[in-house]
Structure formats: structure tokens, C-alpha cells
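Throughout, a chain's letter reflects where its sequence line sits, starting with A, and its residues are numbered from 1.
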There are 2 protein chains.
Amino acid sequence: MTQVRPMRADARRNYERLLKVAAEVFAEHGENASLDDIAKRAGVGSGTLYRHFPNRRALLEAAYTDRMEALAARAGELAEHLPPGEALMEWLNELCAGTIQVRGLKSLLGSAVTDGGSAAVTACGASIKGAAARLVEAAQHEGALRADVEPVDVLRLAHGVVSASELADGQGRHIRRYLSLLMEGLRG
Amino acid sequence: MTQVRPMRADARRNYERLLKVAAEVFAEHGENASLDDIAKRAGVGSGTLYRHFPNRRALLEAAYTDRMEALAARAGELAEHLPPGEALMEWLNELCAGTIQVRGLKSLLGSAVTDGGSAAVTACGASIKGAAARLVEAAQHEGALRADVEPVDVLRLAHGVVSASELADGQGRHIRRYLSLLMEGLRG
DNA sequence: TGCGAACCGGAGGCCATCTCCGTATGTTAT
DNA sequence: ATAACATACGGAGATGGCCTCCGGTTCGCA
């Protein structure tokens, strides 16, 4: 999957700048920020942007891969220090909080758990799903979670909690409450 | 609130055509359908559209008022024939199903339960909230619902269930399941 | 029938997305 | 060092959506 030939130096420079700027702009203005504006702020023509990232989603994904991976890694830490049920709850809480804070992350997490979407399951989407699966299964094994829900259901419902919370205030003050309501239902 | 002078005949005609076409187009293409396109399909200049409906939201609201009112009225019927808890569940189910079927209704229902949004609470938003309040309070009175949730929380969470369900398949096949999970949590 | 008020239509300004291709720059071999 | 080639750049411009503005039309009333 690595390039046969390494990227040209200028290409690599631009690629990196775009990634950095995109992360900032998406976080500030949300996932619908102007791509031309991102290109401009990166000191690059729009053609260059579209060559590196064929569409908005591709750029969004590339810009937030690291955050997604961090979130996935966080699941492991929590699993070590907390009982399965609490670990799941805490992880979902951090996931939702991150989703609200970093505008633009939401649709990315959403598309990671979409069925009929683009066939290509992105790497970071897989990480998140893997992390969720481990936490969910551990919780189920311990009886802290009903057996008839799948990890992907949990992720989707967490996404739903974020949506619900956004209606309330946009700062995520209701996340914890809505999430514990949800967990109550998931407990069985 | 009624017009001092009745609308001119041509104005009324156009107004009505726009409403009809808008309902169709929003249902088909979602809330982001092209307004110019709606105007064109209604055989009207875009100026005319914007004169009657200053912005997208206004048109959306006008186009779906009847559906919203029907949904609100449905709450009363269900309350008569079912015990409170089931009535609420069933009503939420119909609400969510309608939200998915008629693309464009979702954001309308969403903004009805948004806090920091436009100050003007629309009439149909109030109807929906009233209907929800009655069902929720009846259910709480009977002990079928925990006492520390407000009607608006329930509506927001239902909106969240729709979001979750949309990630799954776009036809709402998971609504019932997700909703009963939610209700489980809301029961206390 | 004629007049004023009400209303219409669509051209056009603005902004965003995305493509295309002449030009510039990095890279490699000599 | 330099030539020569592949690679990448950039920004003009096509397309399409939003919304405004105003010359022209139509309606309704006397």
C-alpha cells in the first residue's frame, strides 16, 4: 500500500500542510467548511487539494485519523483500569464528548458504522469498531450488557446520543445523562 | 395574524402550488433540495418563492405543518386505546417512522426541540411538544416512566434513535428495536 | 375601462465545488 | 552540472445553488 516511488518533496510538503490546516478548519467550522478556503489557508491551489484528496470525506478522514486511533487506543487503557461495564460507559462518554468538541468528527464516526455506505472500510473505522467490539463483548461476558446487541448497535446509538445532545445545547452538557439512560436500557 | 386584506388570487395560487411542490421535493430529495428547483417545478420565479417564504426553514415548516399536526393529533388517539406506557412507545415509533419516510421532516422536528435555536417557537412545534408532554406525564403518573426525564428529553432521544437508525439502513428497519432499548432505559 | 397597488419573473451577484491543462519544479541519469 | 522526463502545481473557469432587486405585468376595485 506504500507508494512505489516516494512522493516528491513538494508534494509531501503540501500534503502535510493541507492535513494540518484541514484539521484546524474542520474543527472550527465543522465538516462543511469551504475546501477552497482550506486550500487557500494552506497556501495551495484548489487543484492540489483535490489531487491529494478526491473529495471532502477523504480529507476529513485523513485529517482525523490520528484522533480516531487515539480514541480506539483509549479503549484499551480503560479496560485495564475499570470493570467492563464501567469501561464501556466511560469510553462511550469520551467518544461522544470528542465527537462534540471536534466538529467534523461526527460524520466520520457516523460513516464508520454505516451499512450501505462506501464499500471501503477505512482503517480507522475498523480500529474504532474493533475497540468497541472488545469492550462490548467483555461487558456482555460479565453480564453488564444484554447479549442481543452488537457492537455496531452500541456505536450507532452513541452517535444518536450525540445527536440528541446537540439539540439541547451544542456543548454536550447532556451527554452523560443521556448516555446513562441508554446504558440502562442496554443492561437489559 | 390573518391577512388584513386577502391575498390576491394569483398570489394565493402560487403560494399553494409552492407548498404542494415543496412537500414533494423535500420528501424526495431531503431538506437540502434546491429551492430554485422547487420554484421551477412550481412554474414560478425564484423571486416569488422567496417573497412567500423568506428562507428554507420557513418553506419547510409551511410544507409540513399538516403532517406535524397529524402526528400531534395521533397522540390523543393512541392515549385513548392503549395504556400510557404503550401509547408513548407506539407514538414515538410512528413519529420516528414518519421522520425517516418523509425526508426533510427530521430537521423540522429537531429544531422544535432545540434550545438555543430561533426564538420563535412554531405552532406545530408547540403541538408536538404538547402531545409529547401529555403522553410522558401520563406514563410517569402510572409509573411506566422514570420521573426525572422531561418530555423534551424524550423527543430529543427519539430524534437520536432516528439518527442511529439512519446509520443502519435508511429505511428505519431498526427503529423499533432501538426504541425499545431506549424505553427500557427510560423506564427506570 | 382605467388606475394604483400588489405581485411576478428571472437576470445577476455571490460563493462553493470540482476539473482541466499550461507551466513550474523536483528527480535521476549522464 | 545539466539535460530531460515525470510529477506536481495553481488558478481560471464551468457548473450549480442561494438570494436580491427592480422593470414589467396582473389583479381588483371604482
Q: Could you check B/R12 against B/D36 and say which one's nearest nucleotide on DNA chain C is further toward the 5' end?
A: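 The answer here is B/R12.
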Q.
Heavy-atom nearest nucleotide on DNA chain C for A/P54 versus B/G45: which residue maps closer to 5'?
A.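 Taking each residue's closest nucleotide, the earlier one in sequence belongs to B/G45.
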Should [X] be listed as having a side-chain N or O under 4.0 Å from OP1 or OP2 of [N]?
| X | N | value |
| --- | --- | --- |
| A/H52 | D/dA8 | no |
| B/R51 | C/dC7 | no |
| B/Y50 | D/dT20 | no |
| A/T48 | D/dG10 | yes |
| B/R56 | D/dC18 | yes |

How close or far is atom [atom2] of [N] from atom [atom1] of [X], stated in whole angstroms?
| X | N | atom1 | atom2 | result |
| --- | --- | --- | --- | --- |
| B/H29 | D/dC18 | NE2 | P | 12 Å |
| A/D37 | C/dC18 | CG | P | 15 Å |
| B/F53 | C/dC8 | CZ | P | 11 Å |
| B/L35 | C/dC15 | CG | P | 19 Å |
| A/L49 | D/dG10 | CG | C1' | 12 Å |
| B/M7 | D/dG28 | CE | C1' | 15 Å |
| B/K40 | D/dC19 | NZ | P | 16 Å |
| B/I38 | D/dG16 | CD1 | P | 18 Å |

Touch class at under 4.0 angstrom, heavy-atom based, for [X] against every strand present:
| X | value |
| --- | --- |
| B/N55 | nothing |
| B/S46 | base |
| B/S34 | sugar-phosphate |

(Q) On DNA chain D, compare the nucleotides closest to B/N32 and B/R8; which residue's is nearer the 5' end? (A)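 Per heavy-atom nearest nucleotide, the more 5' residue is B/N32.
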**Q.** Check ion pair A/D37-A/R41 (N to O, under 4.0 angstrom)
**A.**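 Yes, this pair counts.
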Q: Run the salt-bridge test on A/E16 and A/K20 with the 4.0 Å N-O cut-off and return the result as yes or no.
A: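 Answer for the salt bridge query: no.
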Keeping the roles fixed (side chain from [X], backbone from [Y]), state whether a donor-acceptor pair exists under 3.5 Å.
| X | Y | result |
| --- | --- | --- |
| A/R56 | A/L35 | no |
| A/K129 | A/A112 | yes |
| B/Y64 | B/A23 | yes |
| A/E137 | A/A132 | no |

Heavy atoms from C-beta onward define the side chain here; which of [options] lies closest to that of [X]?
| X | options | answer |
| --- | --- | --- |
| B/A9 | C/dG26, D/dC9, D/dC27 | D/dC27 |
| B/N14 | C/dT17, D/dG10, C/dG9 | C/dG9 |
| A/D10 | C/dC8, D/dC27, C/dG26 | C/dG26 |

